[in-house]
Number of protein chains: 2
Amino acid sequence: MDKREQLVRAAFDLFYREGIHAVGINRVLAESGVAKKTLYHHFPAKDALIEATIEYRDRRFSDWLRHRMASVPAGREALLALFDALDDWFHGRATDIQAFHGCYFINVSAEFGDPAHPIHARCARHKASIRSLLAEHVNHCAESAEQASYLLDTLCLLKEGAIVRAHVEGDRRAAQQARQVVAGLLVD
Amino acid sequence: MDKREQLVRAAFDLFYREGIHAVGINRVLAESGVAKKTLYHHFPAKDALIEATIEYRDRRFSDWLRHRMASVPAGREALLALFDALDDWFHGRATDIQAFHGCYFINVSAEFGDPAHPIHARCARHKASIRSLLAEHVNHCAESAEQASYLLDTLCLLKEGAIVRAHVEGDRRAAQQARQVVAGLLVD
DNA sequence: ATCTGGGTAGACAAATTTGTCTACTTTAGG
DNA sequence: CCTAAAGTAGACAAATTTGTCTACCCAGAT
């Protein structure tokens with residue numbers, strides 16, 4: 001078992017559930033069963049560990065979503081599958097990724113509010129990467145570049161909206177609501 | 001000048017910009033120019049101060065939005081005015097409320113992730129209150145209870161999505177994008 | 001006039017934070 | 001086999017956290 005990986009997983013679990021500034025290094029150490037020296041051998045400072053958790057989550061979440069969207073025909077169906085995936089996530093039926101506590105990248109961006117901060121910028125990059133995953137599928141079913149752009153923007157708005165509503169307000173129907181809107185936009 | 005109010009304002013400014021756990025009591029004291037004893041005279045603990053900042057922001061933000069939506073005819077126009085207001089906010093043209101650093105309630109919910117925590121619950125209540133403000137206007141232009149419910153859900157999704165995209169990704173066009181979608185839904 | 005409540009400045013306690021360092025052990029490869 | 005890297009436990013430093021407390025000031029109501 002790789003100690004670095006152990007650290008990153010434990011740190012992610014704690015940071016995701018309780019927030020980054022609320023969780024001290026010692027909690028991560030205790031949870032992962034790794035020595036402090038080892039942590040500082042792998043990471044120069046807490047910030048580097050935080051970035052590693054973002055990298056970890058980015059990989060995990062993207063793989064999960066890519067997989068879900070690839071299991072149906074590309075285009076319209078894949079875009080609807082996105083919201084089915086979110087629905088499973090909100091209802092605790094997504095075993096590949098952790099139990100739902102909101103979007104890690106939104107949560108981290110809230111704690112590192114300055115857009116110029118590397119950690120915030122890294123979260124923005126994740127969002128851009130998911131956006132480009134959706135873009136591929138939008139291009140499958142849009143009739144013009146203009147419509148594609150409009151569709152992509154709308155999908156991203158609804159996706160973020162669903163995640164936030166599910167977390168802040170605890171309304172787990174949010175994914176289904178968003179799916180319904182998307183279905184209406186994709187009838188053409 | 002009311003010391004309690006001074007404290008709440010300074011605390012809100014700092015918490016909103018830098019996050020709650022990242023800002024210590026002493027920072028709030030220094031910024032507000034109030035003595036520590038006075039803080040603990042008005043608030044039993046930091047949590048109570050946090051709740052007071054939420055109360056403060058809830059009042060401020062709701063008043064601002066209500067005012068913006070009341071300056072045009074109720075119904076369709078008011079709902080579009082919501083997104084114009086967001087657009088102004090994102091572009092730093094909303095002087096009544098602070099410069100844009102995301103939604104305070106989403107940010108706080110990220111730091112207090114447990115939905116059962118009173119602070120998280122208070123944020124959810126704010127969202128519910130804004131939702132019911134929108135509901136009044138939706139009822140003005142919906143043709144059925146079913147359509148009204150669908151419209152309201154969609155508006156809320158787009159609103160949260162726009163705020164998150166503007167903050168995390170720094171895409172300040174998000175409000176205009178959302179407005180366009182809403183305009184499409186409200187043509188009837 | 002005096003007493004009460006809100007205020008100030010800041011020392012202090014106790015816990016916790018990040019990060020360093022020592023001294024020792026384990027493990028894997030040349 | 002032996003060296004070098006990675007690991008352990010945990011003491012320690014220095015700063016920072018929340019919250020309490022002392023000692024004093026001042027203004028307004030009784």
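Note that the structure is a prediction, hence the values are computed from the model and not measured. Any value given below was found using the heavy atoms of this structure, including those in side chains, with hydrogens, waters and symmetry copies removed. Below, read A as the first sequence line, B as the second, and so on, with proteins coming before strands; counting in each chain starts at 1.
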For [X], which residues count as a side-chain contact (heavy atoms from CB on, under 4.5 Å) partner, sequence neighbours excluded?
| X | answer |
| --- | --- |
| B:His117 | B:Asp47, B:Phe112, B:Asp114, B:Ile119, B:His120 |
| B:Ser144 | B:Glu146, B:Gln147 |
| A:Ala22 | B:His21 |

**Request:** Please check the phosphate of D:dG7 (OP1 and OP2 only) for any side-chain N or O of A:His42 closer than 4.0 Å.
**Result:** yes

**Prompt:** With respect to the phosphate group of C:dG7, does any side-chain polar atom (N or O) of B:Thr38 fall under 4.0 Å of OP1 or OP2?
**Reply:** no

Holding to ring-ring contact (aromatic ring centres under 6.0 Å, His included), I want the full list of residues that pass it with [X], two or more places apart in sequence or in another chain.
| X | result |
| --- | --- |
| B:Phe105 | B:His126 |
| A:Phe90 | A:Phe100 |
| B:Tyr150 | none |

**Item:** Nucleic acid footprint by protein, nucleotides 11-28 of chain D - heavy-atom cut-off 4.0 Å, B for base, S for sugar-phosphate alone
**Value:** -------BBBBB------

**Request:** Evaluate the salt bridge (charged side-chain N to carboxylate O under 4.0 Å, His left out) criterion for residues B:Asp88 and B:Arg68: first the C-alpha distance (whole Å), next the side-chain angles of each, then the deciding distance (0.1 Å), finally the verdict.
**Result:** CA-CA 11 Å; B:Asp88 283 347; B:Arg68 292 285 306 236; 2.9 Å; yes

**Message:** Please report the end-to-end axis angle for the helix from C:dA1-D:dT30 to C:dG30-D:dC1, five pairs per end, rounded to 10 degrees.
**Reply:**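 Its terminal axes enclose an angle near 10°.
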
Rounding to an integer number of Å, can you tell me how far [X] [atom1] sits from [N] [atom2]?
| X | N | atom1 | atom2 | value |
| --- | --- | --- | --- | --- |
| B:His41 | C:dT4 | NE2 | P | 15 Å |
| A:Leu29 | D:dG10 | CG | P | 12 Å |
| B:Leu7 | C:dG6 | CG | C1' | 13 Å |

With a cut-off of 3.5 Å and sequence neighbours excluded, list every side-chain donor-acceptor pair involving residues 131-141 of chain B.
unit_1, atom_1, unit_2, atom_2, d
B:Arg131, NH1, B:Asp153, OD1, 3.3
B:Arg131, NH2, B:Asp153, OD1, 2.8
B:Ser132, OG, B:Ser129, O, 3.0
B:His137, ND1, B:Gly75, N, 3.1
B:Asn139, ND2, B:Ala135, O, 3.2

